[in-house]
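Data block below; observations after.
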Amino acid sequence: TDGLSDPNVESAKDPEQEYNGYGVELFVELTGKYGEAELRDSLPLRMLEQVSMVASAHMEFKGMIEQFGTLALGMYAGELVPEQYRYEIGTAGLLLGTPSLSVPEFISLNREAVLLMSIKLLEPSVFLAAGAKHSGARYRRNLLQEYAAAGHHAISVWPGPENGSE
């Protein structure tokens with residue numbers, strides 16, 4: 001994303017404002033190289049759009065990330081969601097906050113360090129366990145450790161339009 005860390009009109013006037021805008025920017029890390037045309041109406045772009053809407057609707061989004069470390073969210077993306085990632089018709093699960101090997105955790109701006117938050121596509125069984133009420137937070141922490149040990153980190157597997165995902 002580009003703009004979630006921009007100060008809004010009210011916060012730009014407030015010298016006591018802690019955050020640059022929402023204090024966070026989002027990214028999706030993919031394997032392979034894709035052009036603008038391939039990504040235009042794609043699942044990765046829809047992931048960014050929907051999580052951006054959640055972040056902008058919740059003024060303390062960065063605070064939630066700081067409190068919980070990672071979040072699991074469901075999103076509707078219709079036919080853009082490959083079958084192996086659907087947990088309901090057209091719905092996919094996402095994990096926010098998986099560390100990246102190539103993107104830093106923060107960038108420094110004028111008021112603060114802005115958090116760079118990854119969005120990772122999850123398989124249905126993994127997503128449902130990550131969002132469980134009683135063990136969800138512990139499960140998400142363990143999941144991050146498993147991804148790091150396996151070298152998966154923040155990378156989402158997206159077959160791209162040439163492989164029939166769109």
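FYI, side chains are in, hydrogens and waters are out, and symmetry mates aren't considered; it's all heavy atoms of this structure.
Aromatic rings of F61 and Y22 (six-membered ring for Trp) have centroids beyond the 6.0 Å cut-off, not under it.
The minimum heavy-atom distance between L80 and D41, with the atom names listed, is CD2-O, 3.3 Å. Contact detail for M75 and A77: the closest heavy-atom pair is CE-CB, 3.2 Å. The two residues A55 and L4 have their closest heavy-atom pair at CB-CD1, 4.3 Å.
Considering only residues two or more places apart in sequence or on other chains, T70 meets the side chain to side chain contact (heavy atoms under 4.5 Å, CB included) condition with L95, R140, L144. Under the salt bridge (Lys or Arg N to Asp or Glu O under 4.0 Å) criterion, R141 pairs with no residue, sequence neighbours left out. Applying the side chain to side chain contact (heavy atoms under 4.5 Å, CB included) test to S125 and every residue at least two apart in sequence or in another chain returns nothing. By the salt bridge (Lys or Arg N to Asp or Glu O under 4.0 Å) test, E49 is found to be paired with R46, residues two or more places apart in sequence or in another chain being considered. Partners of E83 by side chain to side chain donor-acceptor pair (under 3.5 Å), not counting sequence neighbours, listed by chain and number: R86. For S52, there are no side chain to side chain donor-acceptor pair (under 3.5 Å) partners two or more places apart in sequence or in a different chain. The side chain to side chain contact (heavy atoms under 4.5 Å, CB included) search around L73 returns V51, V54, L96, not counting sequence neighbours. A search for side chain to side chain contact (heavy atoms under 4.5 Å, CB included) contacts involving E123 returns Y85, V126, Y147, not counting sequence neighbours.
A distance of 10.5 Å separates NZ in K120 from OG in S100, rounded to the nearest 0.5 Å. Rounding to the nearest 0.5 Å gives a distance of 9.0 Å between CD of E60 and CD of E66.
Residues L43 and Y76 fall into different hydrophobic clusters, defined by Ile, Leu, Val, Met, Phe, Trp and Tyr side chains chained together at heavy-atom separations under 4.5 Å.
Although no hydrogens or angles enter the test, the distance criterion places no donor-acceptor pair under 3.5 Å between the side chain of Q50 and the main chain of M47.
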Using the rule given for side-chain contact (heavy atoms from CB on, under 4.5 Å), can you reason through H58 versus M64, listing the C-alpha separation, both sets of side-chain angles and the distance that settles it, and then say yes or no? CA-CA 9 Å; H58 195 295; M64 286 180 7; 3.1 Å; yes
Stepwise side-chain contact (heavy atoms from CB on, under 4.5 Å) check, Y87 with L128: CA-CA 8 Å; Y87 73 93; L128 293 172; 4.0 Å; yes
Candidate pair F106 and L116, rule side-chain contact (heavy atoms from CB on, under 4.5 Å), full reasoning: CA-CA 5 Å; F106 294 95; L116 299 177; over 6 Å; no
side-chain contact (heavy atoms from CB on, under 4.5 Å) assessment of E25 paired with L115: CA-CA 6 Å; E25 292 291 346; L115 177 63; over 6 Å; no
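Within the 4.5 Å cutoff, side-chain heavy atoms of V114 are placed close to those of I107.
A side-chain contact (heavy atoms from CB on, under 4.5 Å) with V28 holds for exactly one of T1, I119, L121; it is I119.
Side-chain contact annotation: S118 with E29, donor-acceptor N/O pair under 3.5 Å absent.
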